[in-house]
Amino acid sequence: MKTQRPISSDDEHRVLQFRPRTSSTPAAHRGGGTVQPLRVAPEPLDLSRYEQPRAEPDDFRHRMLANIAALAFTVALTAIGIWLAVSIADLRRTQDCVLMGRRDCAKITTPHI
């Protein structure tokens with residue numbers, strides 16, 4: 001069986017050589033067309049134009065207390081989520097045991113002597 005190869009011409013495999021832009025001429029003539037100079041990007045805008053004068057300075061103590069409260073809330077919410085996931089997994093394990101027809105599914109806790 002003969003493999004089919006696409007017909008390729010020499011135009012498809014042409015290597016273009018790029019010249020570095022070292023000169024800062026306003027416009028260069030190449031091959032009858034003009035090349036426009038690169039536009040220099042304006043300086044990046046900072047956030048100073050959005051700043052507004054404040055009537056009172058920031059209360060860093062209040063901000064830190066709010067951050068600590070938010071962290072405590074996040075930790076508590078994560079702990080509750082982990083506890084809930086473990087409880088649901090335990091209930092599912094017990095339910096699977098009961099549905100299999102086993103009778104020793106309940107955990108019996110014994111006091112340590």
_Distance (rounded to the nearest 0.5 Å) between L71 CG and T74 OG1_ = 6.0 Å
*Output yes when R61 and D59 qualify as a salt bridge under the 4.0 Å nitrogen-oxygen rule, no when they do not.*
no
_Lys/Arg-Asp/Glu bridge criterion (N-O < 4.0 Å) met for R93, D90_ = yes
*Rounded distance [0.5 Å steps], CZ in F73 versus OG1 in T78*: 9.5 Å
*CG-NE2 distance between N67 and H62, expressed to the nearest 0.5 angstrom*: 10.0 Å
*Between SG of C105 and CG of L99, what distance do you get to the nearest 0.5 Å?*
9.0 Å
*Check the hydrophobic clustering (I, L, V, M, F, W, Y; side-chain heavy atoms under 4.5 Å; chains of links allowed) and say if W83 and I88 are grouped together.*
yes
*asked:* Tell me whether the count of non-hydrogen atoms from other residues, nucleotides or ligands lying under 6.0 Å of CE in M100 goes above 12.
replied: yes
